[in-house]
Q: 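Next up is a structure, given as structure tokens.
For ligands, and for the atoms within them, numbers begin at 1 and follow the listed sequence. Only a predicted model underlies this, so the values are computations on that prediction, with no experimental measurement involved.
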Amino acid sequence: MDDKAFRRAMGKFATGVTVITTCLQGEVHGMTANAFVSVSLDPRLILVSISKNAKMLETMKESGAFAVSVLSQEQKEMSVYFAGQAKERREIEFTLVNDMPVLPNSLAALVCDVYDAHAAGDHTLFIGKVNHITTHELEPLLFFGGNYRMLQASSL
Ligand code: FAD
Ligand code: NAD
């Protein structure tokens, strides 16, 4: 088994797409992530997995807080941008939820304090205690097989 086979297999698991944001000394940093899991209801905990190569890792460790913006199908451009796949840095407009910057017009925004962190291979798993939530009735952006998708309207 090589890395390509692993990524191909993991790509068979369809996910939503999020942008994680944190703020350190007044500077906002954002990053695209699909490794996002709901963990516990009591207390309300979520998990994100951050690569050791991501600038987000040290920034989040230092700030001790972060937010997860769940992207709508209108926000594919934000996913591409915050994955570092755009040529130039842009001015991005954030809105504040409990003093934490989040992407406006997201499906959901969850504002968290870092509750725990575990190094796991070349990633660190951050568990966040959710303090504030906003939600909007919009259609999700999906990621499957390394490509962006939209939800089909039909049900099973
Ligand atoms: P950078 O690459 O420096 O930042 C990302 C981009 O955002 C840069 O262009 C930067 O200029 C810009 N930016 C950041 N903050 C601001 C701001 N305040 N204003 C304007 N521009 C700003 N990696 C993981 O570790 N875990 C995952 O779960 C994960 N899931 C992914 C899912 C998808 C669908 C994709 C496409 C990528 C995923 N990645 C994931 C990869 C990750 O998004 C990239 O490696 C990313 O570039 C790492 O970000 P970074 O923290 O190193 O910051
Ligand atoms: P891809 O085909 O590389 O991704 C398919 C799936 O493989 C992803 O959904 C994820 O579950 C897994 N994966 C990919 N890279 C991983 C990594 N470094 N660590 C752990 N799991 C990983 O999709 P793509 O369009 O080629 O991705 C674009 C870029 O974003 C690539 O550089 C990729 O490595 C990165 N990415 C990283 C993660 C992550 O770190 N968890 C997740 C998705 C994409």
Q: Side chain, backbone, both or neither: which part of Tyr148 has a heavy atom under 4.0 Å from ligand 1?
A: side chain
Q: What I want to check is whether the side chains of Thr59 and Thr22 have a donor and an acceptor closer together than 3.5 Å.
A: no
Q: Looking only at protein heavy atoms, which one is nearest to atom 44 (C) of ligand 1, and what is the separation?
A: Ala83 O, 3.7 Å
Q: Could you tell me whether His123 approaches ligand 1 through its side chain, its backbone, both or neither, with non-hydrogen atoms closer than 4.0 Å?
A: side chain
Q: Checking a contact table here: which protein heavy atom is nearest atom 50 (P) of ligand 1, and how many Å away?
A: Lys55 N, 3.5 Å
Q: For atom 12 (C) of ligand 2, which protein heavy atom lies nearest, and how many Å away is it?
A: Met10 CB, 3.7 Å
Q: Might you check, step by step, whether the distance between atom 30 (O) of ligand 2 and some protein heavy atom is under 4.0 Å?
A: no
Q: To check your reading of the model: name the closest protein heavy atom to atom 33 (C) of ligand 2, its residue, and the distance in Å.
A: Arg7 NH2, 3.9 Å
Q: Nearest protein heavy atom to atom 15 (N) of ligand 1, by residue and atom, and its distance?
A: Gly30 N, 3.0 Å
Q: What residue and heavy atom of the protein are closest to atom 17 (C) of ligand 2, and at what distance?
A: His123 CE1, 4.0 Å
Q: Where is the nearest protein heavy atom to atom 2 (O) of ligand 2: which residue, which atom, and how far?
A: Gly146 CA, 4.0 Å
Q: Going by heavy atoms in the side chains, are Ile46 and Val130 under 4.5 Å from each other?
A: yes
Q: Is Met56 close to ligand 1, meaning an N/O of one under 3.5 Å from an N/O of the other?
A: yes
Q: I'd like the name of whichever of Phe144, Phe13, Phe6, Phe143 reaches closest to atom 25 (O) of ligand 2 through any heavy atom.
A: Phe143
Q: Determine whether more than 12 heavy atoms belonging to other residues, nucleotides or ligands lie under 6.0 Å from atom CD of Glu27.
A: no
Q: Could you tell me, atom by atom, which parts of ligand 1 come under 4.0 Å of a heavy atom of Asn34?
A: 27 (C), 28 (O), 29 (C), 30 (N), 31 (C), 32 (C)
Q: Take every heavy atom of Phe36, measure it against each atom of ligand 1, and state whether any distance is under 4.0 Å.
A: no
Q: Among protein heavy atoms, which lies nearest atom 25 (O) of ligand 1, and at what distance?
A: Ser51 N, 2.8 Å
Q: Atom 43 (C) of ligand 2: which of Asn34, Asn53, Ile50 has the nearest heavy atom?
A: Asn34
Q: Can you confirm whether more than 12 heavy atoms, excluding those of Asp2, are under 6.0 Å from its CG atom?
A: yes
Q: When you measure from the centre of the six-membered ring of Phe143, is the NZ or CZ of Arg149 under 6.0 Å away and within 45° of the axis?
A: no
Q: Hey, does His29 come in under 3.5 Å of ligand 1, counting only N/O atoms on both sides?
A: yes
Q: In terms of residue, atom name and distance, what is the protein heavy atom nearest to atom 28 (C) of ligand 2?
A: Gln85 NE2, 3.8 Å
Q: Given that the side chain starts at C-beta and the backbone is N, CA, C, O, which of these parts of Ala86 lies under 4.0 Å from ligand 1, counting heavy atoms, or is it both or neither?
A: neither
Q: Among Ile20, Val17, Leu142, Thr32, which one puts a heavy atom closest to atom 38 (C) of ligand 1?
A: Thr32
Q: Starting from atom 10 (C) of ligand 1, find the nearest protein heavy-atom neighbour and note its residue, name and distance.
A: Arg89 NH1, 3.8 Å
Q: Identify, for atom 26 (N) of ligand 1, the protein heavy atom at the shortest distance, and state residue, atom and that distance.
A: Ser49 O, 2.8 Å
Q: Among protein heavy atoms, which lies nearest atom 18 (N) of ligand 1, and at what distance?
A: Val28 O, 2.9 Å
Q: Would you check if Tyr148 and Leu142 make a side-chain contact, meaning some heavy-atom pair closer than 4.5 Å?
A: no
Q: By number and element, which atoms of ligand 1 are closer than 4.0 Å to a non-hydrogen atom of Phe143?
A: 34 (C)
Q: Could an N or O of ligand 1 be found under 3.5 Å from any N or O of Ala54, whether backbone or side chain?
A: no
Q: Count I, L, V, M, F, W, Y as connected when their side-chain heavy atoms are under 4.5 Å apart, and connections chain through other members. Are Met60 and Leu47 then in the same cluster?
A: no
Q: Considering only heavy atoms of Ile50, which atoms of ligand 1 have at least one such atom less than 4.0 Å away?
A: 25 (O)
Q: Taking the side chain as every heavy atom from C-beta outward, state whether Val102 and Thr95 have any atom pair closer than 4.5 Å.
A: yes
Q: If the cut-off is 4.0 Å to any non-hydrogen atom of Ile92, which atoms of ligand 1 fall inside it?
A: 20 (C)
Q: If we set the cut-off at 4.0 Å for heavy atoms, which region of Phe82 has an atom near ligand 1: side chain, backbone, both, or neither?
A: both
Q: Taking the side chain as C-beta and beyond, is there a heavy-atom pair between Lys55 and His29 under 4.5 Å?
A: yes
Q: In terms of atom number and element, which parts of ligand 1 are under 4.0 angstrom from non-hydrogen atoms of Ala35?
A: 28 (O)
Q: Can you tell me if Asp113 and Asn131 form a side-chain donor-acceptor pair at under 3.5 Å?
A: yes
Q: List every atom of ligand 1 that sits less than 4.0 Å from any heavy atom of Phe94, numbering the atoms from 1 in the order shown and giving each element.
A: 18 (N)
Q: Who's the nearest protein heavy-atom neighbour of atom 20 (C) of ligand 1, and how far?
A: Arg90 O, 3.2 Å
